[in-house]
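Sequence lines set the chain letters: A, B, ... in the order given, protein chains first and strands last, and positions in each chain run from 1. Just so it is clear, the structure is predicted and the values come from calculations on it, not from any experiment. Keep in mind that the numbers below use all heavy atoms, side chains included, and drop hydrogens, waters and symmetry copies.
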Number of protein chains: 2
Amino acid sequence: MTKISTYDYLLEHRVKPSVQRLAVMEYLQQHHTHPTADEIYVHLVNKIPTLSKTTVYNTLRLLVEQGAARMLTIDEHNVCFDAMVEPHAHLLCTACGTVYDLPVDQVPVAAPGVLPGGHVAREASLYYRGTCADCLRRQAGN
Amino acid sequence: MTKISTYDYLLEHRVKPSVQRLAVMEYLQQHHTHPTADEIYVHLVNKIPTLSKTTVYNTLRLLVEQGAARMLTIDEHNVCFDAMVEPHAHLLCTACGTVYDLPVDQVPVAAPGVLPGGHVAREASLYYRGTCADCLRRQAGN
DNA sequence: CTGCAAAATTAGACATTTTCTTTATTGCCT
DNA sequence: AGGCAATAAAGAAAATGTCTAATTTTGCAG
């Protein structure tokens, strides 16, 4: 599998690559921290001083619509985003707030498709809430 | 399995059953519509005119903490609640906004437990997003 | 190159949801 | 009855996300 540029990645997903959209997409690809819209805005406004919050929100919505990114609703307070589109699960540590990726070969992940009752699922999300290994260690030390 | 009263249900979960807490819990048990905190407040304030929104929020948080109810973060705009604690999946219809329950025998549901990496999951949520059977029919008719 | 139309971006006001703080009330125990 | 701790109320406040209107940029045609 060849790594493609962010520019081409956007084109592949039919997103016109403006400076702002490239910056948001690159941020998602380089930081696997599942950032919120606000975190992205705060980081990028240093490089693009005229950037507006609205643009970040618009861009993220567009990226998700075009399948270039994923929206996570695991945290009750904030929607956050993930550049990884391949199916995988997520764990939210309720102690530190970190969101972890759990590859598909490590946990069961349900697939989209037709559900009982005749509903059609376009996407499936598997979310765990609990305590991460780091926080468990820290708590054991106390 | 014997059906127990809401009063005893709260006691079982170590929640002191005040009038307000009973009302919130009963609302959840009688309406399987996955209401938001505000929907619960609006409905209950008719019966309990002095009810405050803060109390509804506090009560819901307490119920979730004690395992008497479940918090769903499937909808990006609103957190909603569910009295069913047994594991089951949920579908959000992105056309009409309804949240459906999907019993555990109809879809794969992951269980809490120890995850790869040493994380410990206390709860697992499986969320589908798509279009419900009703909306599919309606769209086909157009 | 110049001008036009469409798309994208900006800024800030706005709306909504949730939390915080303070005060009042309730219920229980002696 | 009096006092204490837990619960609830009210409104202010914070945080998050959305809307509107205006400006800027882009792509294209002449």
Against the side chain of A:T54, the closest entry in D:dC19, C:dT19, D:dA9 is D:dC19
Measuring only between side-chain heavy atoms, which start at C-beta, is A:N78 closer than 4.5 Å to A:D38? no
For the pair A:T94 (side chain) and A:G130 (backbone), establish whether a donor and an acceptor sit closer than 3.5 Å, ignoring hydrogens and angles. yes
Which nucleotide in the set C:dA8, D:dG17, D:dT7 lies at the smallest distance from any side-chain heavy atom of A:V79? D:dG17
Has the side chain of A:S52 got a donor or acceptor atom sitting under 3.5 Å from an opposite partner on the base of C:dG12? no
note: B:L10, atom CG; D:dT7, atom P; distance rounded to Å ~ 12 Å
Take atom CG of A:L44 and atom P of C:dT9, then tell me their distance rounded to the nearest Å. 13 Å
A:Y41 OH to C:dT10 C1', straight-line distance once rounded to whole Å: 10 Å
Can you tell me if B:R61 touches the phosphate of C:dT19, counting only side-chain N or O atoms and a distance under 4.0 Å to OP1 or OP2? no
Starting at CD of A:E76 and ending at C1' of D:dG17, how long is that distance when rounded to a whole Å? 17 Å
Just to confirm, is there a sub-4.0 Å distance from OP1 or OP2 of D:dA9 to any side-chain nitrogen or oxygen of B:T50? yes
Below the 4.0 Å mark, does C:dA8 have OP1 or OP2 next to a side-chain nitrogen or oxygen of A:S18? no
Does the side chain of A:D75 come under 3.5 Å of the side chain of A:H34 through a donor N or O and an acceptor N or O? no
Just wondering, do A:S125 and A:R70 contact through their side chains at under 4.5 Å, heavy atoms? yes
A:K16 side chain: which of C:dT9, C:dA7, C:dT10 is closest? C:dA7
Take B:V19 and B:T36, find for each the nucleotide of DNA chain C with the closest heavy atom, and name the residue whose nucleotide sits nearer the 5' end. B:T36
Could you work out which one of C:dT10, D:dT18, D:dT16 sits closest to the side chain of A:N78? D:dT16
Report yes if at least one side-chain N or O of B:T55 is closer than 4.0 Å to OP1 or OP2 of D:dA9; otherwise report no. yes
Is a donor from one side chain sitting under 3.5 angstrom from an acceptor on the other, for B:T6 and B:Q29? yes
Calculate the interatomic distance between B:D75 atom CG and C:dT16 atom P; express it in whole Å. 16 Å
Taking atom C1' of C:dA8 as reference, at what distance in whole Å does atom NZ of A:K53 sit? 19 Å
In whole angstroms, how far is the P atom of C:dT26 from the CZ atom of B:R21? 15 Å
Out of C:dA11, D:dT7, D:dA8, whichever nucleotide has its closest atom nearest the side chain of B:Q20: D:dA8
Can you check the B:I48 CD1 to C:dT25 P distance for me, whole Å? 17 Å
Sidechain-backbone polar pair: A:Y9 side chain, A:A68 backbone, donor-acceptor under 3.5 Å: yes
Need to verify one output field. Residue with the more 5' nearest nucleotide on DNA chain D, B:H77 or B:V56? B:V56
If you compare every side-chain N and O of B:Y57 against the phosphate oxygens of C:dT19 (OP1, OP2), does one of them come in below 4.0 Å? no
